[in-house]
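Being a predicted model, the structure only gives us computed values, none of them experimental. In this chain, residues are counted from 1 in sequence order.
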Amino acid sequence: MNFATRAVLELQEMTLLAAHAARGLFKRPSYVPETIKQMDVIGVGSLTIVLLTGFFTGGVLALQTFPTLQFYGAQGQTGRLVALSLVRELGPVLTALMITGRVGSAISAELGSMTVSQQIDAMRALGTDPVRKLVAPRIVALIITMPLLTVIADVVGIGGGAMVSTQLYGLPTNTFMSTVWDGITSNDIIGGIIKPIAFGLIIGTISCYKGLKTEGGTVGVGRSTTTAVVLASIIVIIADFFLSRGLQYILGMPQH
(Lines give C-alpha, C1' and ligand atoms only; values in the text may rest on other atoms or scores of the structure.)
Protein backbone atom coordinates (compact mmCIF):
# COMPACT_ATOMS: atom_id res chain seq x y z
CA MET A 1 0.00 0.00 0.00
CA ASN A 2 1.55 3.29 -1.08
CA PHE A 3 1.77 6.38 1.10
CA ALA A 4 -1.11 8.28 -0.50
CA THR A 5 -3.55 5.38 -0.19
CA ARG A 6 -2.57 4.73 3.42
CA ALA A 7 -2.94 8.44 4.27
CA VAL A 8 -6.45 8.57 2.76
CA LEU A 9 -7.52 5.41 4.60
CA GLU A 10 -6.18 6.71 7.92
CA LEU A 11 -7.95 10.04 7.38
CA GLN A 12 -11.18 8.16 6.74
CA GLU A 13 -10.76 6.05 9.88
CA MET A 14 -9.95 9.11 12.01
CA THR A 15 -13.03 10.90 10.67
CA LEU A 16 -15.21 7.88 11.49
CA LEU A 17 -13.68 7.70 14.97
CA ALA A 18 -14.48 11.38 15.64
CA ALA A 19 -18.02 10.90 14.28
CA HIS A 20 -18.53 7.83 16.46
CA ALA A 21 -17.36 9.79 19.51
CA ALA A 22 -19.68 12.69 18.63
CA ARG A 23 -22.69 10.38 18.28
CA GLY A 24 -21.91 8.81 21.64
CA LEU A 25 -22.29 12.16 23.40
CA PHE A 26 -26.06 12.01 22.94
CA LYS A 27 -26.52 8.47 24.27
CA ARG A 28 -26.62 7.04 27.76
CA PRO A 29 -24.70 6.38 29.86
CA SER A 30 -22.95 9.74 29.79
CA TYR A 31 -19.35 9.95 30.94
CA VAL A 32 -19.40 13.49 32.33
CA PRO A 33 -17.17 12.71 35.35
CA GLU A 34 -14.56 11.22 33.02
CA THR A 35 -14.72 14.34 30.83
CA ILE A 36 -14.25 16.63 33.84
CA LYS A 37 -11.32 14.52 35.00
CA GLN A 38 -9.69 14.83 31.57
CA MET A 39 -10.29 18.61 31.56
CA ASP A 40 -8.43 18.80 34.87
CA VAL A 41 -5.55 16.68 33.57
CA ILE A 42 -5.31 18.54 30.26
CA GLY A 43 -6.19 22.09 31.33
CA VAL A 44 -4.85 22.53 34.85
CA GLY A 45 -1.96 20.17 34.24
CA SER A 46 -0.81 22.18 31.22
CA LEU A 47 -1.03 25.63 32.81
CA THR A 48 2.65 25.86 33.74
CA ILE A 49 3.99 25.03 30.29
CA VAL A 50 1.42 27.33 28.63
CA LEU A 51 2.27 30.24 30.96
CA LEU A 52 5.99 29.87 30.32
CA THR A 53 5.54 29.49 26.56
CA GLY A 54 3.20 32.49 26.30
CA PHE A 55 5.27 34.82 28.49
CA PHE A 56 8.60 34.23 26.80
CA THR A 57 7.09 34.21 23.30
CA GLY A 58 5.64 37.67 23.92
CA GLY A 59 8.93 38.80 25.43
CA VAL A 60 10.95 37.56 22.45
CA LEU A 61 8.54 39.22 20.01
CA ALA A 62 9.03 42.59 21.72
CA LEU A 63 12.78 42.03 22.06
CA GLN A 64 13.24 41.31 18.35
CA THR A 65 10.75 43.76 16.83
CA PHE A 66 11.22 46.89 18.95
CA PRO A 67 14.65 47.83 17.47
CA THR A 68 13.33 47.37 13.93
CA LEU A 69 10.24 49.46 14.60
CA GLN A 70 12.41 52.07 16.30
CA PHE A 71 14.51 52.35 13.14
CA TYR A 72 11.37 53.50 11.29
CA GLY A 73 10.16 55.64 14.18
CA ALA A 74 7.24 53.31 14.85
CA GLN A 75 8.33 51.86 18.19
CA GLY A 76 5.01 52.93 19.67
CA GLN A 77 3.34 50.19 17.62
CA THR A 78 5.19 47.38 19.41
CA GLY A 79 2.09 46.54 21.44
CA ARG A 80 -0.04 46.18 18.32
CA LEU A 81 2.48 43.88 16.65
CA VAL A 82 2.93 41.68 19.72
CA ALA A 83 -0.82 41.42 20.32
CA LEU A 84 -1.74 40.63 16.71
CA SER A 85 1.04 38.08 16.35
CA LEU A 86 -0.03 36.27 19.50
CA VAL A 87 -3.80 36.41 19.08
CA ARG A 88 -3.88 35.53 15.38
CA GLU A 89 -1.09 32.98 15.07
CA LEU A 90 1.52 32.29 17.71
CA GLY A 91 -0.84 31.87 20.65
CA PRO A 92 -3.06 29.18 19.10
CA VAL A 93 -0.27 27.36 17.25
CA LEU A 94 2.34 27.27 20.03
CA THR A 95 -0.27 26.28 22.60
CA ALA A 96 -1.44 23.48 20.30
CA LEU A 97 2.13 22.24 19.80
CA MET A 98 2.81 22.29 23.55
CA ILE A 99 -0.41 20.41 24.25
CA THR A 100 0.42 17.92 21.50
CA GLY A 101 3.76 17.17 23.10
CA ARG A 102 2.42 16.90 26.63
CA VAL A 103 -1.17 15.63 26.31
CA GLY A 104 -1.22 14.00 22.88
CA SER A 105 1.68 11.74 23.77
CA ALA A 106 0.08 10.82 27.10
CA ILE A 107 -3.27 9.95 25.48
CA SER A 108 -1.63 7.82 22.79
CA ALA A 109 0.58 6.03 25.31
CA GLU A 110 -2.31 5.39 27.71
CA LEU A 111 -4.68 4.01 25.09
CA GLY A 112 -1.84 2.13 23.41
CA SER A 113 -0.96 0.40 26.69
CA MET A 114 -4.62 -0.52 27.20
CA THR A 115 -4.78 -1.90 23.67
CA VAL A 116 -1.71 -4.14 23.85
CA SER A 117 -2.70 -5.39 27.31
CA GLN A 118 -6.14 -6.30 25.89
CA GLN A 119 -8.03 -4.00 28.26
CA ILE A 120 -9.86 -2.51 25.27
CA ASP A 121 -10.99 -5.98 24.18
CA ALA A 122 -12.15 -6.68 27.74
CA MET A 123 -14.24 -3.50 27.74
CA ARG A 124 -15.92 -4.56 24.50
CA ALA A 125 -16.58 -8.02 25.91
CA LEU A 126 -18.29 -6.46 28.94
CA GLY A 127 -20.52 -4.36 26.67
CA THR A 128 -18.77 -1.01 27.18
CA ASP A 129 -18.03 1.09 24.12
CA PRO A 130 -14.34 2.16 24.44
CA VAL A 131 -14.87 5.03 22.01
CA ARG A 132 -17.61 6.55 24.17
CA LYS A 133 -15.80 5.92 27.46
CA LEU A 134 -12.20 6.68 26.47
CA VAL A 135 -12.13 8.67 23.23
CA ALA A 136 -15.11 11.03 23.51
CA PRO A 137 -14.21 12.46 26.97
CA ARG A 138 -10.66 13.20 25.84
CA ILE A 139 -11.69 14.90 22.60
CA VAL A 140 -14.38 16.96 24.35
CA ALA A 141 -11.93 17.95 27.10
CA LEU A 142 -9.39 19.09 24.50
CA ILE A 143 -12.00 21.09 22.56
CA ILE A 144 -13.09 22.88 25.75
CA THR A 145 -9.71 23.50 27.33
CA MET A 146 -7.70 24.46 24.23
CA PRO A 147 -9.42 27.87 23.73
CA LEU A 148 -9.08 28.64 27.45
CA LEU A 149 -5.38 27.77 27.47
CA THR A 150 -4.86 29.80 24.29
CA VAL A 151 -6.50 32.88 25.82
CA ILE A 152 -4.26 32.52 28.88
CA ALA A 153 -1.19 32.21 26.64
CA ASP A 154 -2.24 35.33 24.70
CA VAL A 155 -2.78 37.43 27.82
CA VAL A 156 0.45 36.29 29.47
CA GLY A 157 2.33 36.79 26.19
CA ILE A 158 1.10 40.37 25.90
CA GLY A 159 2.22 40.85 29.49
CA GLY A 160 5.67 39.49 28.60
CA GLY A 161 5.90 41.84 25.63
CA ALA A 162 4.83 44.76 27.82
CA MET A 163 7.46 43.93 30.42
CA VAL A 164 10.28 43.77 27.85
CA SER A 165 9.12 46.94 26.07
CA THR A 166 8.73 48.99 29.25
CA GLN A 167 11.56 47.67 31.38
CA LEU A 168 14.20 47.05 28.72
CA TYR A 169 13.42 49.71 26.12
CA GLY A 170 11.65 52.32 28.25
CA LEU A 171 8.42 52.41 26.25
CA PRO A 172 5.60 53.94 28.34
CA THR A 173 3.14 51.34 29.57
CA ASN A 174 0.16 53.43 28.46
CA THR A 175 1.55 53.62 24.92
CA PHE A 176 2.03 49.87 24.74
CA MET A 177 -1.41 49.00 26.09
CA SER A 178 -3.26 51.59 24.01
CA THR A 179 -1.83 50.14 20.80
CA VAL A 180 -2.77 46.64 22.01
CA TRP A 181 -6.41 47.66 22.44
CA ASP A 182 -6.43 49.61 19.18
CA GLY A 183 -4.85 46.74 17.23
CA ILE A 184 -7.02 43.81 18.33
CA THR A 185 -10.45 43.56 16.71
CA SER A 186 -13.37 41.27 17.47
CA ASN A 187 -12.54 39.28 14.32
CA ASP A 188 -9.03 38.63 15.64
CA ILE A 189 -10.48 37.31 18.90
CA ILE A 190 -13.04 35.13 17.11
CA GLY A 191 -10.33 33.69 14.87
CA GLY A 192 -8.10 33.14 17.90
CA ILE A 193 -10.86 31.06 19.50
CA ILE A 194 -11.92 29.06 16.43
CA LYS A 195 -8.39 27.83 15.71
CA PRO A 196 -7.73 26.16 19.09
CA ILE A 197 -11.13 24.44 18.94
CA ALA A 198 -10.12 22.89 15.60
CA PHE A 199 -6.65 22.08 16.93
CA GLY A 200 -8.15 20.36 19.98
CA LEU A 201 -10.27 18.16 17.72
CA ILE A 202 -7.24 17.32 15.58
CA ILE A 203 -4.96 16.50 18.52
CA GLY A 204 -7.58 14.41 20.31
CA THR A 205 -8.64 12.44 17.25
CA ILE A 206 -5.11 11.63 16.06
CA SER A 207 -3.82 10.72 19.53
CA CYS A 208 -6.77 8.45 20.31
CA TYR A 209 -6.66 6.83 16.87
CA LYS A 210 -2.96 6.04 17.09
CA GLY A 211 -3.38 4.72 20.61
CA LEU A 212 -6.22 2.38 19.67
CA LYS A 213 -4.32 1.11 16.61
CA THR A 214 -1.21 0.19 18.60
CA GLU A 215 0.38 -3.16 17.74
CA GLY A 216 3.54 -4.94 18.77
CA GLY A 217 3.57 -4.78 22.56
CA THR A 218 5.47 -2.14 24.51
CA VAL A 219 7.64 -1.31 21.50
CA GLY A 220 4.48 -0.54 19.56
CA VAL A 221 3.32 1.84 22.31
CA GLY A 222 6.44 3.95 21.90
CA ARG A 223 6.08 3.88 18.13
CA SER A 224 2.42 4.95 18.31
CA THR A 225 3.21 7.76 20.74
CA THR A 226 5.96 9.16 18.54
CA THR A 227 3.83 8.89 15.41
CA ALA A 228 0.87 10.59 17.12
CA VAL A 229 2.93 13.57 18.28
CA VAL A 230 4.69 14.07 14.95
CA LEU A 231 1.55 13.64 12.86
CA ALA A 232 -0.60 15.88 15.08
CA SER A 233 2.07 18.61 15.07
CA ILE A 234 2.31 18.53 11.28
CA ILE A 235 -1.46 18.53 10.78
CA VAL A 236 -1.86 21.43 13.22
CA ILE A 237 0.61 23.55 11.25
CA ILE A 238 -0.99 22.63 7.92
CA ALA A 239 -4.51 23.23 9.27
CA ASP A 240 -3.41 26.62 10.61
CA PHE A 241 -2.72 27.84 7.08
CA PHE A 242 -6.10 26.77 5.73
CA LEU A 243 -7.94 28.03 8.79
CA SER A 244 -6.20 31.40 8.49
CA ARG A 245 -7.12 31.66 4.83
CA GLY A 246 -10.69 30.59 5.47
CA LEU A 247 -11.11 33.06 8.31
CA GLN A 248 -9.84 35.85 6.06
CA TYR A 249 -12.73 35.18 3.69
CA ILE A 250 -15.41 34.46 6.29
CA LEU A 251 -14.62 37.31 8.69
CA GLY A 252 -13.55 39.77 6.02
CA MET A 253 -10.07 40.17 7.49
CA PRO A 254 -7.32 41.87 5.46
CA GLN A 255 -5.97 39.59 2.73
CA HIS A 256 -3.30 41.84 1.25
**OP:** For residues L142 and M39, determine if any side-chain heavy atom of one lies less than 4.5 Å from a side-chain heavy atom of the other.
**Re:** no
**OP:** Might you point out which heavy atoms bring A18 and T205 nearest each other, and give the distance in Å?
**Re:** CB-OG1, 3.9 Å
Original post:
Can you tell me how far the CD1 atom of I235 sits from the CD1 atom of I202, to the nearest 0.5 Å?
Top reply: 7.0 Å
**OP:** Could you walk me through whether T218 and V116 pass side chain to side chain contact (heavy atoms under 4.5 Å, CB included), step by step?
**Re:** CA-CA 7 Å; T218 53; V116 299; 5.7 Å; no
Original post:
Between V82 and G157, what is the shortest heavy-atom contact and its length?
Top reply: CG1-O, 4.3 Å
Check: residues 89-110 side-chain donor-acceptor pairs under 3.5 Å, at least two apart:
{"residue": "E89", "atom": "OE2", "partner": "K195", "partner atom": "NZ", "Å": "2.6"}
{"residue": "E89", "atom": "OE2", "partner": "S244", "partner atom": "OG", "Å": "2.8"}
{"residue": "T95", "atom": "OG1", "partner": "G91", "partner atom": "O", "Å": "2.7"}
{"residue": "T100", "atom": "OG1", "partner": "A96", "partner atom": "O", "Å": "2.7"}
{"residue": "R102", "atom": "NE", "partner": "G45", "partner atom": "O", "Å": "3.3"}
{"residue": "R102", "atom": "NH1", "partner": "V41", "partner atom": "O", "Å": "3.4"}
{"residue": "R102", "atom": "NH1", "partner": "S46", "partner atom": "OG", "Å": "3.2"}
{"residue": "R102", "atom": "NH2", "partner": "G45", "partner atom": "O", "Å": "3.4"}
{"residue": "S105", "atom": "OG", "partner": "G101", "partner atom": "O", "Å": "2.6"}
{"residue": "S105", "atom": "OG", "partner": "R102", "partner atom": "O", "Å": "3.3"}
{"residue": "S108", "atom": "OG", "partner": "S224", "partner atom": "O", "Å": "3.4"}
{"residue": "E110", "atom": "OE1", "partner": "R138", "partner atom": "NH2", "Å": "3.1"}
{"residue": "E110", "atom": "OE2", "partner": "R138", "partner atom": "NH2", "Å": "3.0"}

**OP:** Could you walk me through whether Q12 and L16 pass the side chain to side chain contact (heavy atoms under 4.5 Å, CB included) test, one step at a time?
**Re:** CA-CA 6 Å; Q12 182 184 33; L16 292 173; 4.3 Å; yes
Original post:
So if you build clusters from Ile, Leu, Val, Met, Phe, Trp, Tyr with side-chain heavy-atom gaps below 4.5 Å, do L51 and F55 land together?
Top reply: yes
Original post:
Would you say the side chain of K210 lies within less than 4.5 Å of the side chain of R223, judging by non-hydrogen atoms?
Top reply: no
Original post:
Are any non-hydrogen side-chain atoms of V180 and R80 less than 4.5 angstrom apart?
Top reply: no
Original post:
Is there a donor-acceptor pair closer than 3.5 Å between any side-chain N or O of S178 and the backbone N or O of T175?
Top reply: yes
Subject >> Common cluster, I49/V151, ILVMFWY with side-chain heavy-atom separation under 4.5 Å >> reply: yes
**OP:** Report yes if the side chains of L17 and V135 come closer than 4.5 Å at any heavy-atom pair, otherwise no.
**Re:** yes
Subject >> Joint hydrophobic cluster, I144 plus I203, side-chain heavy atoms closer than 4.5 Å >> reply: no
Subject >> Evaluation steps, side chain to side chain contact (heavy atoms under 4.5 Å, CB included), between V236 and D240 >> reply: CA-CA 6 Å; V236 161; D240 177 60; 5.5 Å; no
Original post:
Which atoms form the tightest heavy-atom contact between P67 and Y169, and what is the distance?
Top reply: CG-OH, 3.6 Å
Original post:
When rounded to the nearest 0.5 angstrom, what is the spacing between CG in D40 and OG1 in T145?
Top reply: 10.5 Å
**OP:** Measure the CE-CD distance between M114 and Q119 for me, rounded to the nearest 0.5 Å.
**Re:** 4.5 Å
**OP:** Answer whether the closest heavy-atom distance between the side chains of F241 and I237 falls below 4.5 Å.
**Re:** no
Original post:
Taking atom CE of M177 as the centre, does the number of heavy atoms from other residues, nucleotides or ligands within less than 6.0 Å exceed 12?
Top reply: yes
Original post:
Does L212 belong to the same Ile/Leu/Val/Met/Phe/Trp/Tyr cluster as L9, with side-chain heavy atoms less than 4.5 Å apart forming each link?
Top reply: no
Subject >> Common cluster, L69/L61, ILVMFWY with side-chain heavy-atom separation under 4.5 Å >> reply: no
Original post:
Which value, rounded to the nearest 0.5 Å, describes the distance between T227 atom OG1 and K213 atom NZ?
Top reply: 14.5 Å
**OP:** Determine whether more than 12 heavy atoms belonging to other residues, nucleotides or ligands lie under 6.0 Å from atom CZ of F56.
**Re:** no
Original post:
Could you give the distance from CD1 (I206) to CG (L231), rounded to the nearest 0.5 Å?
Top reply: 4.0 Å
Original post:
Tell me, do L168 and F66 make a side-chain contact under 4.5 Å, heavy atoms counted?
Top reply: no
Subject >> For D121, salt bridge (Lys or Arg N to Asp or Glu O under 4.0 Å) partners two or more places apart >> reply: R124
**OP:** Might you point out which heavy atoms bring G183 and L84 nearest each other, and give the distance in Å?
**Re:** O-CD2, 3.4 Å
Subject >> Separation between CG of L47 and CD1 of I152, rounded to the nearest 0.5 Å >> reply: 5.0 Å
Subject >> Heavy-atom check, side chain of I120 versus side chain of L134, under 4.5 Å >> reply: yes
Subject >> Residue pair F199 / L243: nearest heavy atoms and the distance that separates them >> reply: CE2-CD1, 3.8 Å
Original post:
Hey, are D188 and T185 close enough side-chain-wise for a donor-acceptor pair under 3.5 Å?
Top reply: yes
Original post:
Side chains of Y209 and E13: is there a donor and an acceptor less than 3.5 Å apart?
Top reply: yes
**OP:** Taking the side chain as every heavy atom from C-beta outward, state whether L111 and T214 have any atom pair closer than 4.5 Å.
**Re:** no
Original post:
Do you know the tightest heavy-atom contact between L86 and D154?
Top reply: O-OD1, 3.2 Å
**OP:** List the steps and the verdict of side chain to side chain contact (heavy atoms under 4.5 Å, CB included) for I158 and F176.
**Re:** CA-CA 10 Å; I158 291 173; F176 184 94; 4.0 Å; yes
